[in-house]
Amino acid sequence: MSRALKIDTKVLRRVFGDEGLQSFRMNYYPPCKQPDKVMGLTAHSDAVSLTILLQYNDVIGLQIKKDGKWVSVKPLLKAFVVNIGDILEIATNGIYRSILHRSVVNSTKERISIATFHMPALDAEIGPISELIKPGTPAQFRQISVADYFKGYFSRALDEKSYLDVMRINEKHT
Ligand SMILES: O=C(O)CCC(=O)C(=O)O
Ligand SMILES: [Fe+2]
């Protein structure tokens, strides 16, 4: 990522240093006779920096929004899905985009996924990396402490990528 962003590797270490937090969530989706009428997990992007996800059993459910369409991510044996989260979008000033995703349910089979979320420590600050703010690319997001960022995030309903708009400079705060 440092190479792609053309920044020193020390910069990402500074931002996502070794004091970061990891949390995890196990999602259990029971079968539903009318899967078209329910949503397993509503469309969202992960608020964190990076998510490493295991689709534990061989049941399709995770979908990502690609070119305006929902696309299923086929579970692969022993493979992880790596999803970019909102903090990485903020830190890279919009160069890396967090992925909009959701989970649908199956009519006969249960589904289990395990997500590990990675983020900076609560007392760290997040905002666009200073090395990426240049005359042609001004800061797109505000600077905020990780604690305040998550306080705001958890006080809202899960709603696509709407919380990123709250962090955006020159956008209406809803
Ligand atoms: O069940 C899945 O595959 C996705 C879970 C997810 O998006 C989440 O836990 O944030
Ligand atoms: Fe997610």
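Both ligands and their constituent atoms are indexed starting at 1 by order of listing. Numbers here simply count residues along the sequence, with the first being 1. Just so you know, these numbers come straight off a predicted model, no measurement behind them.
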If you measure from [atom1] on [X] to [atom2] on [Y], what distance do you get to the nearest 0.5 Å?
| X | Y | atom1 | atom2 | result |
| --- | --- | --- | --- | --- |
| Leu164 | Ser98 | CG | OG | 5.0 Å |
| Ile129 | Ile7 | CD1 | CD1 | 4.5 Å |
| Gln22 | Leu50 | CD | CG | 11.0 Å |

I need the nearest protein heavy-atom contact for [atom]: residue, atom name and distance, please.
| atom | value |
| --- | --- |
| atom 6 (C) of ligand 1 | Leu41 CD2, 3.4 Å |
| atom 4 (C) of ligand 1 | Ser103 OG, 3.5 Å |
| atom 5 (C) of ligand 1 | Asn27 ND2, 3.3 Å |
| atom 10 (O) of ligand 1 | Arg25 NH2, 2.8 Å |

Side chains of [X] and [Y] in contact at under 4.5 Å (non-hydrogen atoms):
| X | Y | value |
| --- | --- | --- |
| Arg142 | Ile169 | yes |
| Glu110 | Val59 | no |
| Pro75 | Ile60 | yes |

TODO: Answer with side chain, backbone, both or neither: which part of Asp46 has a heavy atom less than 4.0 angstrom from an atom of ligand 1?
DONE: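 Just the side chain.
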Task: For ligand 1, the portion of Phe117 having any non-hydrogen atom under 4.0 Å away - done: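 It is the side chain that touches ligand 1; the backbone stays farther off.
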Open item on the list: I want to know if ligand 1 touches Gln55 in the polar sense, i.e. an N/O pair below 3.5 angstrom.
Closed with: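 No, since none of the N or O atoms of Gln55 sits under 3.5 Å from an N or O of ligand 1.
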TODO: Provide the atom name of the closest N, O or S atom of Asp46 relative to the Fe ion (ligand 2).
DONE: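 Atom name of the closest N, O or S in Asp46: OD1.
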- [ ] Please identify which atoms of ligand 1 are closer than 4.0 Å to at least one heavy atom of Arg111.
- [x]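 Per the distance check, 1 (O), 2 (C), 3 (O).
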Task: ligand 1 atoms in contact with Leu53 (distance to a heavy atom under 4.0 Å) - done: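 Listed by number with element: 3 (O).
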Open item on the list: Over 60° means perpendicular and under 30° means parallel, so tell me whether Tyr153 and Phe150 are parallel, tilted or perpendicular.
Closed with: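 Perpendicular: the ring planes of Tyr153 and Phe150 meet at over 60°.
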Task: NE2 (His44) to the Fe ion (ligand 2) to NE2 (His101) angle, given to the nearest 10 degrees - done: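 That angle is 90°.
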Open item on the list: I'd like to know if Glu89 pairs up with Lys161 as an ion pair, taking the criterion as any Lys NZ or Arg NE/NH1/NH2 lying under 4.0 Å from an Asp or Glu carboxylate oxygen.
Closed with: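 Counted as a salt bridge, because a side-chain N and a carboxylate O are separated by less than 4.0 Å.
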